[in-house]
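Accompanying notes for the structure given below.
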Amino acid sequence: SYTPYRGFEKALKSDQEIADDMKTIAQISRKVRTYAIADAKHVLENVKDTKLKVDVGLWLSTDKNANESELETLFELTKVYGPRISSIIVGNEVLLRADLTPEELFEYIDRVSVRTRIPVTTAEVQHVWLNNTELANHVDFICVHILPYWEKVPIERTLAFTKEKYDNEVCDKEGDWK
């Protein structure tokens with residue numbers, strides 16, 4: 001996950017700083033994820049000297065005009081940077097925050113799916129996926145947030161915690177999705 005800002009003031013990094021960050025990330029990863037389309041635009045403009053692909057995030061909220069702007073900018077960016085885009089993540093925990101209804105989120109996801117050939121998903125914590133099973137019918141793959149940090153799990157227990165969440169809440173005993 002990456003945002004092109006510096007410090008708590010969220011000062012936008014220069015193109016050179018972002019490009020340098022992308023080169024550093026490329027040494028340890030094949031992809032970089034963004035959370036909002038403005039961030040994705042800066043990353044896509046500065047990833048060219050690497051082999052990195054970008055998981056483009058759209059920040060959806062209660063502001064319908066802002067949501068429309070995210071979508072329209074996405075569609076413009078796919079025309080220019082389509083080969084660099086690995087997937088599109090339509091919203092980040094919008095159901096968890098109750099910013100949208102499931103039906104509203106389905107509509108946004110479906111609109112993106114129809115207009116691109118790029119895999120589309122949304123990002124939610126595990127219990128949101130389990131409580132909204134219809135959501136899986138609107139995405140190409142499931143993006144589950146399992147976040148030990150936010151649940152105050154000590155670092156020594158993070159891997160065990162993640163495995164427990166995955167085993168208990170995401171997969172059945174045979175390892176298949178619930």
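- Linking Ile, Leu, Val, Met, Phe, Trp and Tyr residues whenever their side-chain heavy atoms come within less than 4.5 Å leaves Leu159 and Val125 in two separate clusters.
- Taking CG of Leu74 as the reference point, atom OG1 of Thr116 lies at 7.0 Å (rounded to 0.5 Å).
- Met22 has its side chain out of reach of Asp49: every pair of non-hydrogen atoms, C-beta onward, lies at least 4.5 Å apart.
- Here the closest non-hydrogen pair linking Ile18 and Pro4 is CD1-CB, 3.6 Å.
- Distance CG/Asn67 to CD/Glu72: 12.0 Å, rounded to 0.5 Å.
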Exercise for the section: Using the side-chain contact (heavy atoms from CB on, under 4.5 Å) rule, take Leu135 and Leu95 through it: C-alpha gap first, then chi angles, then the decisive distance, then the call. Expected result: CA-CA 10 Å; Leu135 185 55; Leu95 298 182; 4.1 Å; yes

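- Between Val120 and Ser113, the closest heavy-atom pair is CB-OG, 3.7 Å.
- No chain of hydrophobic side-chain contacts below 4.5 Å, direct or via other Ile, Leu, Val, Met, Phe, Trp or Tyr residues, connects Ile89 to Leu105.
- For Phe106, the ring pair (Phe, Tyr, Trp, His ring centres under 6.0 Å) partners at least two apart in sequence or on another chain are His138.
- To the nearest 0.5 Å, the span separating OG1 on Thr162 from CD on Gln126 amounts to 9.5 Å.
- Among residues two or more places apart in sequence or in another chain, the side chain to side chain donor-acceptor pair (under 3.5 Å) test is passed with Lys64 by Glu104.
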Table please: side-chain donor-acceptor pairs of residues 35-44 below 3.5 Å, with sequence neighbours left out.
from	atom 1	to	atom 2	distance (Å)
Tyr35	OH	Ser1	OG	3.0
Asp39	OD1	Tyr5	OH	2.6
Lys41	NZ	Glu45	OE2	2.5

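- Glu124 is listed as a side-chain neighbour of Val94, based on a closest heavy-atom distance under 4.5 Å.
- With sequence neighbours left out, Arg157 forms a salt bridge (charged side-chain N to carboxylate O under 4.0 Å, His left out) with Glu164.
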Could you list the donor-acceptor pairs under 3.5 angstrom formed by side chains in residues 142-153, with sequence neighbours left out?
from	atom 1	to	atom 2	distance (Å)
His145	ND1	Glu93	OE2	2.6
His145	NE2	Arg33	NH1	3.1

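- Ile155 and Thr158 make their closest contact through O-OG1, 3.1 Å (heavy atoms, listed as atom of the first residue, atom of the second, distance).
- Ser29 approaches Leu52 most closely through the heavy-atom pair O-CD2, 3.4 Å.
- The minimum heavy-atom distance between Thr122 and Val139, with the atom names listed, is N-CG1, 4.0 Å.
- Connection of Val47 to Leu12 is not established within any shared hydrophobic cluster, with ILVMFWY side chains joined at heavy-atom distances below 4.5 Å, either directly or through further cluster members.
- For the residue pair Asn65/Glu68, the side-chain donor-acceptor check at 3.5 Å is not satisfied.
- With a 6.0 Å radius and a threshold of 12 heavy atoms from other residues, nucleotides or ligands, Leu96 has its CG atom above the threshold.
- Checking Asp20, Asp21, Asp15 one by one against Asn46, the side-chain hydrogen bond (donor to acceptor under 3.5 Å, both in side chains) holds for a single residue, Asp15.
- Residues Lys13 and Arg6 come closest through the heavy atom pair CA-NH2, 3.7 Å.
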Enumerate, atom names and distances included, each donor-acceptor pair closer than 3.5 Å involving a side-chain atom of residues 54-62, sequence neighbours excluded.
from	atom 1	to	atom 2	distance (Å)
Asp55	OD1	Ser86	OG	3.3
Asp55	OD1	Ser87	OG	2.7
Asp55	OD2	Lys31	NZ	3.3
Ser61	OG	Asp63	N	3.1

